[in-house]
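Predicted model, so just to flag it, every value in this text is computed and none were measured. A note on names: the letters A, B, ... follow the listed sequences, proteins ahead of strands, and every chain is numbered from 1.
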Amino acid sequence: MSVFEKPATEVAPLLLGGLLIVDDVVLRITEVEAYLGIGQDPGSHAYNRRGPKNNTMFGPPGHLYTYFTYGMHVCSNVVCSPLGEASAVLLRAGEIIDGIEIARMRRLTSRVDADLARGPARLTVAMAIGLDDDGSDLATSRVRLELPDTPAPHETSLRTGVSGPGGTEPFAWRYFIPGDPTVSPYKRWQPKKKTL
DNA sequence: CATTAGATCGTCT
DNA sequence: GACGATCTAATGA
């Protein structure tokens, strides 16, 4: 029974202040979001049914779930809940605390160090995580996760960019370390513009 | 600081 | 055909 066998909403705050380690780059997690499973969370990839796209979310907890979105971005999650149930914690932002020169090379567009991993797709690029890493074990694979000894103080808010029934996100499942410069700005969901 | 548009493609309707 | 757990560059206040 690992800590990851609990629902993502319980695991999420435990990750704050934890470390994500890939080769020589170390990231301190400062912002995450929880997503639940079938029928529980309209914003989740696993809301409707299990399928090829979201299969990893139903896999063993403590593994990595990476997905491709917006035609060009990859985001990283930690799979939670017991095997066969779907929930995951999206890694939204963090602070590079080691290997920062490597991270800078990977993110040439970022002009400030605080922006290196500020946002889920940015974080994934800075850590050189890819779709190939989907499903890998965070305890034994190239991508490692270490939980903090003592949980970091945190706040919660609505999730960013997530639509809900009627356009309103109903769940305050974004967890972040308040005041940290690497936490991404909250953006509420808004409908796409129409091309006249 | 705020808002806008464009990029780009797998999945779903 | 539309849209998404996004990001960047450009433009306006």
Side-chain angles (χ1 to χ4, degrees), chain A residues 7-9 11-13 15-16 20 27 29-59 63-81 86-94 96 103-135 156-176 181-196:
Chain A
T9 44
V11 177
L15 300 185
L16 294 175
L20 190 68
L27 175 106
I29 300 169
T30 58
E31 179 189 354
V32 299
E33 281 175 2
Y35 290 84
L36 296 193
I38 293 178
Q40 305 174 73
D41 179 3
S44 171
H45 291 164
Y47 181 56
N48 290 312
R49 66 188 77 74
R50 184 171 186 166
K53 186 181 74 171
N54 57 19
N55 193 248
T56 309
M57 280 185 77
F58 295 81
H63 285 227
L64 191 66
Y65 165 49
T66 60
Y67 67 88
F68 180 71
T69 188
Y70 288 100
M72 65 192 86
H73 293 304
V74 178
C75 298
S76 308
N77 302 254
V78 176
V79 175
C80 299
S81 298
S87 80
V89 178
L90 170 68
L91 271 24
R92 282 199 59 87
I96 306 288
R104 286 190 190 121
M105 295 296 286
R106 293 170 177 161
R107 296 223 56 246
L108 295 176
T109 55
S110 148
R111 313 198 61 97
V112 185
D113 285 345
D115 286 347
L116 288 173
R118 192 185 200 219
R122 292 168 166 183
L123 182 152
T124 302
V125 169
M127 299 304 288
I129 294 172
L131 295 174
D132 290 348
D133 296 300
D134 183 54
T156 65
S157 78
L158 298 179
R159 297 176 296 188
T160 111
V162 177
S163 66
T168 309
E169 156 69 70
F171 306 119
W173 288 342
R174 173 176 180 252
Y175 304 78
F176 59 98
T182 63
V183 172
S184 65
Y186 174 73
K187 293 188 195 309
R188 105 178 171 286
W189 175 86
Q190 52 186 287
K192 296 291 187 206
K193 305 262 157 114
K194 216 178 192 182
T195 54
L196 308 183

State, to 0.1 Å, how close R174(A) and P185(A) come at their nearest heavy-atom pair, and which atoms those are.
NH2-C, 4.3 Å
Please answer whether the main-chain N or O of A93(A) pairs with a side-chain N or O of R118(A) as donor and acceptor at a distance below 3.5 Å.
no
Under 3.5 Å, which donor-acceptor pairs do the side chains of residues 68-77 of chain A form with other protein atoms, sequence neighbours left out?
from   : atom 1 : to      : atom 2 : distance (Å)
S76(A) : OG     : T124(A) : OG1    : 2.9
N77(A) : ND2    : Y65(A)  : O      : 3.1

Within the side chain of E33(A), is there an N or O that forms a donor-acceptor pair under 3.5 Å with the backbone of R92(A)?
no
Contacts of type side chain to side chain contact (heavy atoms under 4.5 Å, CB included), residue T9(A), not counting sequence neighbours
P7(A), A34(A), L36(A), W173(A), Y175(A)
Between N or O atoms, less than 3.5 Å apart, protein on one side and nucleotides 6-13 of chain B on the other: list the pairs.
from   : atom 1 : to     : atom 2 : distance (Å)
dT8(B) : O2     : Y70(A) : O      : 2.7

Output yes when a side-chain donor or acceptor of D133(A) lies under 3.5 Å from a complementary backbone atom of G130(A), and no otherwise.
yes
For atom CD of Q190(A) and atom P of dT4(B), their distance in whole Å
7 Å
Would I129(A) and L20(A) count as a side-chain contact (heavy atoms from CB on, under 4.5 Å) here? Give the steps.
CA-CA 11 Å; I129(A) 294 172; L20(A) 190 68; 3.9 Å; yes
What's R159(A) touching, base or sugar-phosphate or nothing? Going by heavy atoms closer than 4.0 Å.
nothing
Pairs under 3.5 Å (Watson-Crick or G-U), crossing ones as [ ], inter-strand ones as |: DNA chain C comes out as ||||.|||||||.
F171(A) CZ to dA5(C) C1', in whole Å, measures 14 Å
Looking only at atom C1', what distance separates dG10(B) and dT8(C), rounded to whole Å?
22 Å
May I have the step-by-step check of side-chain contact (heavy atoms from CB on, under 4.5 Å) for E31(A) and T182(A), ending in yes or no?
CA-CA 8 Å; E31(A) 179 189 354; T182(A) 63; over 6 Å; no
Answer with base, sugar-phosphate or nothing: what part of the nucleic acid does G43(A) contact at a heavy-atom distance below 4.0 Å?
base
Provide, to the nearest angstrom, the distance between the CZ atom belonging to R188(A) and the C1' atom belonging to dT3(B).
12 Å
Figure out the CG/C1' separation between L123(A) and dA5(C), and round it to whole Å.
13 Å
Nearest-Å distance for atom pair OH/P, residues Y35(A) and dG4(C)
12 Å
For residues 65-75 of chain A, which residue pairs qualify under salt bridge (charged side-chain N to carboxylate O under 4.0 Å, His left out), counting only residues two or more places apart or in two chains?
none
Looking at R122(A) and R107(A), would you say the former's side chain and the latter's main chain have a donor-acceptor pair under 3.5 Å?
no
Stacking check: are the rings of Y67(A) and dA5(C) less than 5.5 Å apart at their centres and under 30 degrees in tilt?
no
Between P on dT6(C) and CH2 on W189(A), what's the gap in Å once rounded to a whole number?
13 Å
Nearest heavy atoms of T156(A) and A172(A), plus distance in Å:
CB-O, 3.9 Å
Is the backbone N or O of R49(A) less than 3.5 Å from a side-chain atom of N54(A), with the two atoms forming a donor-acceptor pair by type?
yes
Distances under 3.5 Å between protein N/O atoms and the N/O atoms of nucleotides 8-13 of chain C, please, pair by pair.
from   : atom 1 : to      : atom 2 : distance (Å)
dT8(C) : OP1    : R107(A) : NH2    : 2.1
dT8(C) : OP1    : T109(A) : OG1    : 3.0
dT8(C) : OP2    : R122(A) : NE     : 2.6
dT8(C) : OP2    : R122(A) : NH2    : 2.3

note: K187(A), atom NZ; dC7(C), atom P; distance rounded to Å ~ 9 Å
Whole-Å gap separating P (dC3(C)) and NE2 (H45(A)):
16 Å
